[in-house]
Protein chains: 2
Amino acid sequence: MSEHTEFLYPAKWLSKASSGNRVASELRMRIIAGLIESGTIISENKIAADFSVSRSPVREALKILASENIIRLERMGAVVLGLTEKEIQEIYDVRLLIETFVFERLAKMDSTKLVQELSKILEMMSIAIKYKDADEFSYQDVLFHETIIRSINHSYIMMIWNNAKPVMEALILLSMRVRLEERYEDFQRVIDNHQLYIEAIKTKNRDLMIQALHQNFDDVQEKVDDLWMSQQMLSKGVQNDD
Amino acid sequence: MSEHTEFLYPAKWLSKASSGNRVASELRMRIIAGLIESGTIISENKIAADFSVSRSPVREALKILASENIIRLERMGAVVLGLTEKEIQEIYDVRLLIETFVFERLAKMDSTKLVQELSKILEMMSIAIKYKDADEFSYQDVLFHETIIRSINHSYIMMIWNNAKPVMEALILLSMRVRLEERYEDFQRVIDNHQLYIEAIKTKNRDLMIQALHQNFDDVQEKVDDLWMSQQMLSKGVQNDD
DNA sequence: GTAAGTATACTTGTATACAAGTATTATAAA
DNA sequence: TTTATAATACTTGTATACAAGTATACTTAC
């Protein structure tokens, strides 16, 4: 319909990405942000025209989104599923499942190097806040959790993460952008929570780990609430702030 | 090199599959069976020639296998990774993770319908044994677990299953074929174990669930041992039994 | 107005074509 | 013999072409 001159997904993150991944990333953002409504039927040709690419990368993109349960491929066209509140809850079920498993493994390992790496990322996050860079903050936030998960060197846990990551990234990105505008003070709490993560890993304190996890999930719950705001804002169109 | 006239993956299971899925299924079997050794570099063109299809479905297949961590896509060609014992253990970590989660959910649900469905599948498995049909038995075995997982209606748990399923299916298939020849008596124990699953679900007995899980995993451990036998047999070529 | 049947436009799946880049191999120079 | 350079063959990523099938809309008969 209307021309999409603006892209929701940060162009910086796509420097080396293939055309298919670009389309997938942007399409994912538009679907999760509600710009493309649930139930919409999209076809390879339509998307290809939208993004001025051929069907080949679009096919690739749709396969990716289908594996993330964001769309459902059908005989004729693909149905946009989007994310209901149920699915968002489910994503965090999976995160809880994974991170609990990872923590158990971590407790049996030397985590010195990991702690240092996480500290670095946390400082990056602080700087991102300082310069009000929501995208950079989101990037580091996702990287923080990915770094923890990657550290146990478990290919199948990593596989699960890789499948869930893009959707989580999109959720966090949208949420952080809204927060930066409206609830700037939240960021310090996010930082504190991540510091708790590091402490838990450093001391191998299982109770602290669980505390950090739950605190993060409570926080995440708010992110979700924010998300719906951002969805409303983005999909209904924001003339000005009422 | 030599012509591949025989296919490892059951043709029946591919009735409605696309060319890409056919290639992925067969390639997966050959890699896991060790017919294609770890470290081998495969290219889209080579595979396309092997299977007498164009690069389009092959690309699709390689993407699938890469998402399953069976191959690693690189700039020039893809590296066959195969499955080490570590990865096989990791797959069952994930199964344990998922099935434990599912059981927790199941305990809060009415499982009457599920139990009936599982009983049907179990009878199918018995019949498959009776007629010494390893492929059918494997199919029902995988279906049994999928049915349990599907019953809680959790799209992200299902996503994890969908990603791990093909590799597990291949493992089970190869293992059962060997067992049918060499350790026929094992099948009754598998049946008994699955009966335990059903009982645990029916009675919502958490201890029984855990017992069934572990019994199944112990059993699975043997499957894995068998697999290495089958790998040896298949890849080195079987002249006769020494 | 309604039903049946046909034509048309659109869909995916697969094959092929082309472009840009990379590794290898052969050639030539020292 | 070794090193540098150039030619060649092969790789992926993307665009396009073609085929088979499906839904829609139109036409025609009643």
Side-chain angles (χ1 to χ4, degrees), chain A residues 1 4 7 9 11 13-28 31 36-81 162 166, chain B residues 1 4 7 9 11 13-28 31 36-81 162 166:
Chain A
M1 301 295 168
H4 290 298
F7 288 89
Y9 196 81
W13 301 2
L14 293 170
S15 59
K16 287 185 295 182
S18 69
S19 197
N21 275 316
R22 286 167 195 276
V23 173
S25 297
E26 182 59 25
L27 220 44
R28 186 185 300 112
I31 291 171
I36 303 175
E37 288 177 25
S38 297
T40 308
I41 307 273
I42 58 181
S43 80
E44 294 176 3
N45 279 320
K46 265 189 259 175
I47 304 297
D50 258 22
F51 286 87
S52 303
V53 293
S54 77
R55 273 181 56 215
S56 306
V58 171
R59 272 184 78 77
E60 191 186 319
L62 296 190
K63 286 265 163 62
I64 293 170
L65 300 183
S67 81
E68 293 168 6
N69 266 306
I70 290 177
I71 67 173
R72 188 181 55 236
L73 299 178
E74 300 201 334
R75 304 254 181 81
M76 304 279 284
V79 183
V80 173
L81 302 177
N162 284 334
Chain B
M1 303 294 171
H4 290 299
F7 289 87
Y9 196 82
W13 300 2
L14 293 169
S15 59
K16 287 185 293 183
S18 70
S19 198
N21 275 316
R22 285 168 195 276
V23 173
S25 298
E26 182 58 25
L27 222 43
R28 186 185 300 113
I31 291 171
I36 303 175
E37 287 177 25
S38 296
T40 309
I41 307 271
I42 58 180
S43 79
E44 294 176 3
N45 279 320
K46 267 189 259 175
I47 303 297
D50 258 22
F51 286 87
S52 304
V53 294
S54 78
R55 274 180 56 216
S56 307
V58 172
R59 272 184 79 79
E60 190 186 320
L62 296 189
K63 286 265 163 62
I64 293 170
L65 299 183
S67 82
E68 293 168 6
N69 266 306
I70 291 177
I71 68 173
R72 179 161 31 89
L73 298 178
E74 300 203 334
R75 304 252 181 81
M76 305 277 285
V79 182
V80 173
L81 301 176
N162 284 334

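Letters A, B, ... are given to chains in the order of the sequence lines, protein chains preceding strands, and every chain is numbered from 1. Here the structure is a predicted model, which is why all the values come from computation and not from measurement.
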B:Ser19: what forms a side-chain contact (heavy atoms from CB on, under 4.5 Å) with it, not counting sequence neighbours? B:Val53, B:Pro57
Output yes when B:Glu44 and B:Lys46 qualify as a salt bridge under the 4.0 Å nitrogen-oxygen rule, no when they do not. no
Any donor-acceptor pair under 3.5 Å from B:Ser38 side chain to B:Leu81 backbone: yes
Across all chains, not counting sequence neighbours, the side-chain hydrogen bond (donor to acceptor under 3.5 Å, both in side chains) partners of B:Arg22 are none
Using the test salt bridge (Lys or Arg N to Asp or Glu O under 4.0 Å), find all partners of B:Glu60 that sit at least two apart in sequence or belong to another chain. A:Lys63
Does any non-hydrogen side-chain atom of A:Val80 lie less than 4.5 Å from one of A:Leu65? no
Give me the first and last nucleotide of DNA chain C, going 5' to 3', that has any atom under 4.0 Å from a heavy atom of chain B. C:dT14 to C:dT22
Check DNA chain C against residues 52-63 of chain A and give the residues with a non-hydrogen atom under 4.0 Å, in numerical order. A:Arg55, A:Arg59
Which residues satisfy the side-chain hydrogen bond (donor to acceptor under 3.5 Å, both in side chains) test with A:Glu26, sequence neighbours excluded? A:Arg30
